[in-house]
2 protein chains.
Amino acid sequence: MKLKSKSNIVFAVVAADAVCFRIINEKLHVLLEKAPKYSPFPGEWALVGGMLHPRETAEEAVNRLLEERAGIKSIYKEQVYTFSKIDRDPRGRVVSIAYLVVASSNPQELKKADLETEWMTVKSIPKLAYDHNEILKNVLEKLKFNIFNTNIAKYLMRKEFTLSELQNVYETVLGKNIDKRNFRKKILSQDILKDLHKVRKEGVMRPAKIYIFK
Amino acid sequence: MKLKSKSNIVFAVVAADAVCFRIINEKLHVLLEKAPKYSPFPGEWALVGGMLHPRETAEEAVNRLLEERAGIKSIYKEQVYTFSKIDRDPRGRVVSIAYLVVASSNPQELKKADLETEWMTVKSIPKLAYDHNEILKNVLEKLKFNIFNTNIAKYLMRKEFTLSELQNVYETVLGKNIDKRNFRKKILSQDILKDLHKVRKEGVMRPAKIYIFK
DNA sequence: GCAAAAGTGTTTCCGGTACACCCATGG
DNA sequence: CCATGGGTGTACCGGAAACACTTTTGC
């Protein structure tokens with residue numbers, strides 16, 4: 001590699017961190033892992049992240065890391081921001097590209113992995129290693145923006161869902177309640193859903209219509 | 001530095017590239033430099049960019065590079081996107097953080113530098129070295145978004161300006177014409193300008209009122 | 001009086017928001 | 001008949017866009 005400078009300086013190196021979301025019980029969860037013993041923050045919770053391999057892009061690194069650490073396949077991925085503060089990693093100069101990721105909500109696609117990983121609700125995130133709380137905050141803002149400005153909701157939902165379930169997901173992402181009539185009017189007017197003309201009966205209430213994303 | 005892997009692999013390193021804008025004659029210009037002889041693209045036009053020093057953030061690197069190469073002080077700076085394709089630099093694995101920068105429009109603050117640099121209108125950008133055309137495209141999109149959604153126009157204008165001049169800047173940034181009445185209504189309703197109650201006489205037409213940003 | 005840019009209002013449409021009641025079902 | 005969530009409509013407001021003529025000046 002010809003990038004070493006003459007003055008013996010080593011350049012900053014590149015990592016990727018994944019803020020990986022998933023809806024569990026209609027609540028927004030984030031994937032965290034316990035930082036290993038030999039790391040600067042042994043035992044503390046951290047986002048899933050690591051160095052880019054020499055022959056992979058940042059996106060590929062995110063895919064690999066999630067697969068390695070928690071057996072997760074991402075179904076949506078989007079670069080959010082790159083963090084380059086000098087001392088963000090005590091071991092050396094590491095610049096980190098942060099990604100917003102949505103994991104499949106299909107339970108079969110989640111296997112138990114070697115490392116300790118856990119899905120935590122966004123309301124209960126502890127203090128994280130490195131600058132990961134700041135990264136999480138940035139990515140969460142992006143998710144809130146995206147939920148009403150892109151089709152990301154498609155990746156947070158199961159294939160078939162009711163409008164109430166969809167609204168619950170919006171509410172857990174935004175962290176606030178939405179008026180039911182306005183929500184339905186807005187979603188339906190966007191012409192992104194398909195009415196399957198099926199209903200889901202659940203307990204003692206009126207059955208709900210089933211939709212899918214187009 | 002403890003970041004070298006055991007398997008003798010060298011990690012990707014970090015550069016920053018600046019897409020530096022300036023209004024000249026009410027047209028949007030971008031700062032380019034000729035890539036040096038010893039580079040992979042000798043003599044080709046490129047964005048101003050370079051490796052991060054070990055003790056500087058990406059923003060600081062952008063400041064330094066613009067100062068070194070063209071004597072430019074940036075008055076607005078914003079990270080846009082990080083490019084990590086594997087072969088984007090033929091010399092090795094370089095990941096580049098792209099910045100949207102606005103240079104001072106004050107002519108005195110621009111000195112002639114060693115390297116060949118040139119301000120080119122966005123309409124006349126040639127084929128650039130590396131993936132810099134792609135970077136420019138991304139950053140330009142961001143600028144178009146920002147012009148109506150942030151106060152970036154403040155940094156593109158001289159201190160004192162007329163509404164017609166402001167509108168011209170919006171038009172050169174967006175690459176399209178804007179209705180004069182709608183433009184004035186919108187800008188004035190935002191309460192971001194201050195009427196200096198002065199006029200600028202210029203040639204044979206009605207004098208225009210002078211504004212500044214609040 | 002004319003050329004050249006400055007300045008000015010009204011109407012229409014659309015998306016966002018506030019707000020309250022009836023419907024279908026199982027027990 | 002009742003408890004539970006499913007489902008519906010209207011009115012108001014503010015921002016965006018379309019659109020044409022009068023004003024001020026120097027010559």
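First the proteins, then the strands, lettered A, B, ... as listed; each starts at 1.
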Margin query: Within the 4.0 Å heavy-atom criterion, would you say A:Lys209 contacts the bases, only the backbone, or no part of the nucleic acid?
Written below: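 Result for A:Lys209 = sugar-phosphate.
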Among the nucleotides [options], which one has an atom lying closest to any side-chain atom of [X]?
X        : options               : answer
A:Asp179 : C:dA6, C:dC19, D:dG7  : C:dC19
A:Pro207 : C:dT25, C:dC19, C:dG9 : C:dT25
B:Val204 : D:dA17, D:dC27, D:dG9 : D:dC27

Looking at [N], I'd like to know if its phosphate oxygens (OP1 or OP2) sit under 4.0 Å from a side-chain N or O belonging to [X].
X        : N      : result
A:Arg206 : D:dT4  : no
B:Lys186 : D:dA16 : yes
A:Ser164 : D:dG6  : yes
B:Arg181 : D:dC19 : no

Return the value, rounded to whole Å, for the distance between atom [atom1] of [X] and atom [atom2] of [N].
X        : N      : atom1 : atom2 : answer
A:Ile187 : C:dG15 : CD1   : P     : 14 Å
B:Asn168 : C:dA5  : CG    : P     : 10 Å
B:Gln167 : C:dA5  : CD    : C1'   : 12 Å
B:Lys201 : D:dC27 : NZ    : P     : 12 Å
B:Lys185 : D:dA18 : NZ    : P     : 11 Å
B:Leu188 : D:dA16 : CG    : C1'   : 16 Å
A:Arg184 : C:dC23 : CZ    : C1'   : 12 Å
A:His197 : D:dG6  : NE2   : P     : 19 Å

Please figure out whether B:Met205 or A:Tyr211 has its closest DNA chain D nucleotide nearer the 5' end.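 So the residue in question is A:Tyr211.
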Practice task
Kindly indicate, with the supporting measurements, whether the criterion salt bridge (Lys or Arg N to Asp or Glu O under 4.0 Å) is fulfilled by A:Lys142 and A:Glu78.
Solution key: CA-CA 10 Å; A:Lys142 184 80 170 187; A:Glu78 177 189 1; 3.7 Å; yes
Exercise. Is a salt bridge present between A:Lys198 and A:Glu160, judged by a nitrogen-to-oxygen distance below 4.0 Å?
Worked result: yes
*asked:* If you apply the rule salt bridge (Lys or Arg N to Asp or Glu O under 4.0 Å), what do you find for B:Arg184 with B:Asp179, and how did you get there?
replied: CA-CA 9 Å; B:Arg184 284 162 187 248; B:Asp179 179 84; over 6 Å; no
Carefully, step by step, assess B:Leu163 and B:Leu188 under the rule side-chain contact (heavy atoms from CB on, under 4.5 Å).
-> CA-CA 10 Å; B:Leu163 285 182; B:Leu188 263 9; 4.1 Å; yes
- [ ] Assign the ring pair B:Phe41 / B:Tyr130 to parallel, tilted or perpendicular, where the plane angle (0 to 90°) is split at 30° and 60°.
- [x]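 If you compare the ring of B:Phe41 with that of B:Tyr130, the planes turn out perpendicular.
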